[in-house]
2 protein chains.
Amino acid sequence: MKKFKDYEKLAIFAKAMAHPVRLEMLAHLSAHDYCYTGDLVDVFPLAQSTVSQHLKELKKAGLIQGKICPPKVRYCLDEENWKIAKELFEAFFKQKNV
Amino acid sequence: MKKFKDYEKLAIFAKAMAHPVRLEMLAHLSAHDYCYTGDLVDVFPLAQSTVSQHLKELKKAGLIQGKICPPKVRYCLDEENWKIAKELFEAFFKQKNV
DNA sequence: ATCGTTTATCGTAAATAAACGATGAATTTT
DNA sequence: AAAATTCATCGTTTATTTACGATAAACGAT
């Protein structure tokens, strides 16, 4: 059966993951439970604004969440969507028939 | 351990998959073993040149192969890279630690 | 040799992405 | 109240993506 709707969603997740820096960020969050923007600024050789922009992309796709903890912002994986993404990718690669 | 190299590769696969049309194309090839460009032009409401361009993207990422069968071109999944992509995504979503 | 079929490539326009520095908002510290 | 810290957003530049129509290339059929 056609699952175009799923592909829309899957494409959004794939797009968020379509950059090495964002994959590193996700991996970092997967490994560390949470982190602040500044932590990532220290890790990547990128301007603070660029790191922030990548985080925004990940948040837009729903893969991460940001919680304001003044004066910082604490990011963590969005476990629910992370699970959905995992399942969509799994299903996509599993399928071998319509 | 850091696997930056893998993230480069994974990002390339994710980028190729970051468009609903290309996901549909991959699904189509996954379901039909092979198809010609024209088959896809009939399926999608897109210009022939656009379909060809998407196929080029998928080929560039290594996810599909094209074989010239005059006067057509026959596309199929690149099984080897398809497997690699599948494994990279699996590993990525599985990891929960450094 | 010409014609029709099939597909890739070219050229172009509009949209989106990636990177940066500078600025601004929120909140804690002094 | 002022200063410092942390982070998002703005404005900009450059590059890439997406889509199209038009053209070119390759080849079989006539």
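Proteins get letters first, then strands, A, B, ... in listed order; numbering begins at 1 in each. In this text, all values refer to a predicted model and were calculated from it rather than measured experimentally.
Formation of a donor-acceptor pair under 3.5 Å by the A:H32 side chain with backbone atoms of A:Y34 is not found in this model. A donor-acceptor distance shorter than 3.5 angstrom exists from the side chain of A:N81 to the backbone of A:G62, with no hydrogens or angles considered. Judged purely by atom type and a 3.5 angstrom limit, B:R22 uses its side chain to pair as donor or acceptor with the backbone of B:A16.
You'll find that the side chain of A:V73 is closest to D:dA8, out of D:dT9, D:dA8, C:dA8.
Annotation for B:A27 and A:Y7: closest pair CB-OH, 3.1 Å, computed over non-hydrogen atoms.
Remark: P of C:dT6 and CG of B:L40 are 14 Å apart, rounded to the nearest angstrom. A straight line from CG of B:D42 to P of C:dT6 spans 10 Å, rounded to a whole angstrom. As rounded to whole Å, 9 Å separates atom C1' of C:dA8 from atom NZ of B:K59. Note: CG (A:L55) to P (D:dT9) measures 11 Å, nearest angstrom. One interatomic measurement links the two molecules: NZ of A:K72 to P of D:dT6, which rounds to 6 Å at whole-angstrom precision. Across the protein-nucleic acid pair, A:I12 atom CD1 and C:dT16 atom P stand 13 Å apart, rounded to whole Å.
The aromatic rings of B:F93 and B:F89 sit parallel, their planes meeting at an angle under 30°, below the 60° perpendicular limit.
Electrostatic pairing of B:E87 and B:K83 counts as a salt bridge here, judged by a charged N lying under 4.0 Å from a carboxylate O.
Aromatic ring centroids of A:F92 and B:W82 lie under 6.0 Å apart.
Remark: DNA chain D takes part in the stems C:1-30 with D:1-30, each of 3 or more antiparallel Watson-Crick or G-U pairs, criterion distances under 3.5 Å.
Residues forming a salt bridge (charged side-chain N to carboxylate O under 4.0 Å, His left out) with B:K60 (at least two apart in sequence, or on another chain): B:E57.
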Footprint string (nucleotides 17-30 of chain C, 5' to 3'): B base within contact, S backbone only, - free, heavy atoms under 4.0 Å = SBBBBB----S---

